[in-house]
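If you're wondering where the values come from, they're calculated on a predicted model, not measured in any experiment.
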Amino acid sequence: MDISVALGGGGSRGNAHIGVLRVLEQEGFHIRAVAGTSFGGLVAAFYAAGHSPDEIEEIFSRVDQNRLYGRAPDDGPSMLGTAGIQKFLDTHLGGRTFEDLSIPCAMSAADLRRGGEIVLKSGRLKEAILATMAVPGIFPPRKSDDYELVDGGVLDPIPVSLARTLAPSLPVVAVALTPPPEAASHLFSIPLPQMIPAVLINRITNLRPAQALGIFMQSIEVANRMLSDLRLQVDRPEVVIRPDVGQVALLDEVDVHEIALRGEEAARQALPEIREQFSLPARLGRTLRLLNSWK
């Protein structure tokens, strides 16, 4: 049973993608193409590079999450840097390109100069991942040719249409990491090294600039939920899987295994709906939509 997958953005919540991919494989689904935005782009790249969900979980769980956000010499204006992320990507992906991948893969980014969406599906994986994960203001934009690229979630939080272009005849399983628009939102937390005493952390987080940033990021989260919901209505994936990760903030330090397990649970609940997509009426419906798109 062949499918394509669209992995949404969500920072630390993105570890849930690992559990979703694992269940899909265990249940006999063959992922023939994968598209990702932000953290979903990171997982998509590792998966398309041939790493199994178990291997991805092991790699991610070994990361010291407190060492990811140091500044690199070429980092532009941002609250946090990408030195640790770049080192991580160099270690595990090296100089690999999209052309080296075992299945079609693409990521989305937003171009600040032209205000449009950019599809990343050629060149070095490292550069594409740094672009699709560049949360505006938090991480530095990635400058490439005439582009200044930031997190693809600005325009496309769950890249359903992108996954569909990679495999037009296959059903798209979308993984949304944002809660529904009506769900309660949670404050953004600034990642601080564990070596900082708790009393100093409390003082920093209680400063007005830190509180203001938290309010701003909370408002962005609310807008992102609405945009995600609207894009799902427009792009109409065959199945939406929504892991229970709404309590996890963008840059929270998390137990990778625990978040992956939440992805597993959500995927298992969605299995009857996914299997339904291989019934004759569902296959005929996709064929008709594909034929209409060629007119």
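- Within the 4.5 Å cutoff, no side-chain heavy atoms of Val173 are placed close to those of Pro237.
- Between the CG atom in Leu230 and the CZ atom in Arg225 there is a gap of 14.0 Å [rounded to 0.5 Å].
- Relative orientation of the Phe60 and Phe46 rings is perpendicular, given thresholds of 30° and 60° on the angle between their planes.
- The cluster map of Ile, Leu, Val, Met, Phe, Trp and Tyr, joined by side-chain heavy atoms under 4.5 Å apart, puts Leu177 and Leu250 in the same cluster.
- Between the side chain of Ser12 and the backbone N or O of Asp252, at least one donor-acceptor pair lies under 3.5 Å.
- When all heavy atoms of Gly36 and Thr132 are compared, the closest pair comes out as O-OG1, 4.2 Å.
- In this structure, His51 and Ile59 have side chains that are in contact, with non-hydrogen atoms separated by less than 4.5 Å.
- Glu148 places no side-chain N or O within donor-acceptor distance of the main-chain N or O of Arg113, the cut-off being under 3.5 Å.
- Linking Ile, Leu, Val, Met, Phe, Trp and Tyr residues whenever their side-chain heavy atoms come within less than 4.5 Å leaves Val160 and Leu227 in two separate clusters.
- Contact of the Glu27 side chain with the Met1 side chain is not registered, since no non-hydrogen atoms from C-beta on lie closer than 4.5 Å.
- Taking the charged nitrogens against the carboxylate oxygens, Glu238 and Arg164 do have a contact shorter than 4.0 Å, which makes a salt bridge.
- One hydrophobic cluster, built from ILVMFWY side chains closer than 4.5 Å, holds both Leu68 and Ile56.
- Judged purely by atom type and a 3.5 angstrom limit, Ser38 has no side-chain atom pairing as donor or acceptor with the backbone of Gly40.
- Defined by atom type and a distance below 3.5 Å, a donor-acceptor pair is present between the side-chain atoms of Gln26 and Arg268.
- Minimum interatomic distance between Val43 and His17 (heavy atoms only, all atoms of both residues): CG1-CB, 3.9 Å.
- Residues Gly41 and Ile129 approach most closely at O-CG1, 4.5 Å, considering heavy atoms.
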Open item on the list: Please evaluate residues Leu125 and Met107 with respect to the criterion side chain to side chain contact (heavy atoms under 4.5 Å, CB included), reporting the C-alpha separation (whole Å), side-chain torsions for both, the decisive distance (0.1 Å), and the verdict.
Closed with: CA-CA 10 Å; Leu125 287 171; Met107 305 172 206; 4.2 Å; yes
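- To the nearest 0.5 Å, atoms CG (Leu24) and CG (Leu271) are separated by 7.5 Å.
- Between the side chain of Arg67 and the backbone N or O of Ile85 there is no donor-acceptor pair closer than 3.5 Å.
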TODO: Kindly indicate, with the supporting measurements, whether the criterion side chain to side chain contact (heavy atoms under 4.5 Å, CB included) is fulfilled by Glu264 and Ile18.
DONE: CA-CA 8 Å; Glu264 288 187 28; Ile18 300 169; over 6 Å; no
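- In this structure, Pro179 and Arg13 have side chains that are in contact, with non-hydrogen atoms separated by less than 4.5 Å.
- Partners of Glu58 according to the salt bridge (Lys or Arg N to Asp or Glu O under 4.0 Å) rule, which considers only residues two or more places apart in sequence or in another chain, are Arg62.
- Closest non-hydrogen pair, Ile158 versus Ala176, comes out as CD1-CB, 3.5 Å.
- Scanning for side chain to side chain contact (heavy atoms under 4.5 Å, CB included) contacts around Pro104 gives Ala33, Leu166, with sequence neighbours left out.
- Arg242 contributes atom CZ, which lies 7.5 Å from atom OG of Ser228 (distance to the nearest 0.5 angstrom).
- A donor-acceptor contact closer than 3.5 angstrom links the side chains of Tyr47 and Glu25.
- Looking at every heavy atom in both residues, Gln277 comes nearest to Pro171 through CB-CB, 4.2 Å.
- Cluster annotation: Leu21 and Leu101 are assigned to the same hydrophobic cluster (Ile/Leu/Val/Met/Phe/Trp/Tyr, side-chain heavy-atom contacts under 4.5 Å, transitive).
- Within the 3.5 Å criterion, the main-chain N or O of Lys87 finds a donor-acceptor partner in the side chain of Thr91.
- Counting non-hydrogen atoms of other residues, nucleotides and ligands closer than 6.0 Å to OH of Tyr147 gives a total of 12 or fewer.
- Between Glu99 and Ser122 there is a side-chain heavy-atom pair separated by less than 4.5 Å.
- Judged by distance alone, the side chain of Arg96 and the main-chain N or O of His92 form a donor-acceptor pair under 3.5 Å.
- Looking at residues two or more places apart in sequence or on another chain, you find a salt bridge (Lys or Arg N to Asp or Glu O under 4.0 Å) between Lys126 and Asp90.
- Annotation: Phe139 is not in aromatic contact with Phe39 [ring centroid separation under 6.0 Å not met].
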- [ ] List the steps and the verdict of side chain to side chain contact (heavy atoms under 4.5 Å, CB included) for Val154 and Val150.
- [x] CA-CA 8 Å; Val154 169; Val150 295; 4.2 Å; yes
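- With hydrogens and angles disregarded, a donor-acceptor distance shorter than 3.5 Å links the side chain of Arg71 to the backbone of Ser78.
- Remark: the backbone N or O of Glu55 is paired with a side-chain donor or acceptor of Ser52 at under 3.5 angstrom.
- A donor-acceptor contact closer than 3.5 angstrom is absent between the side chains of Ser108 and Asp156.
- You'll find the side chain of Thr37 stays beyond 4.5 Å of the side chain of Pro157, heavy atoms only.
- In this structure, the separation between OG on Ser61 and CD1 on Ile259 is 13.0 Å, given to the nearest 0.5 Å.
- Contact check for Tyr69 versus Leu251: side-chain heavy atoms found under the 4.5 Å cut-off.
- Judged by distance alone, with hydrogens and angles left aside, the side-chain atoms of Arg262 form a donor-acceptor pair with the main-chain N or O of Asp244 at under 3.5 Å.
- In this structure a side-chain-to-backbone donor-acceptor pair under 3.5 Å is present from Gln65 to Val254.
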Open item on the list: Using salt bridge (charged side-chain N to carboxylate O under 4.0 Å, His left out), reason through Arg231 and Asp235 one step at a time and then give a plain yes or no.
Closed with: CA-CA 6 Å; Arg231 287 297 304 242; Asp235 295 333; 3.1 Å; yes
Task: From CA spacing to verdict: side chain to side chain contact (heavy atoms under 4.5 Å, CB included), Val172, Val5 - done: CA-CA 5 Å; Val172 176; Val5 177; over 6 Å; no
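- There is a path of hydrophobic side-chain contacts, each under 4.5 Å, that joins Ile3 to Val239.
- Between the CD atom in Glu117 and the CG atom in Leu149 there is a gap of 11.0 Å [rounded to 0.5 Å].
- Side-chain contact check for Thr82 and Asp75: at least one donor-acceptor pair (N or O, by modelled atom type) lies under 3.5 Å.
- Between Arg32 and Asp2, the shortest heavy-atom distance links the atoms NE-OD1, 3.1 Å.
- In this structure, Val245 and Asn15 have side chains that are not in contact, with every pair of non-hydrogen atoms separated by 4.5 Å or more.
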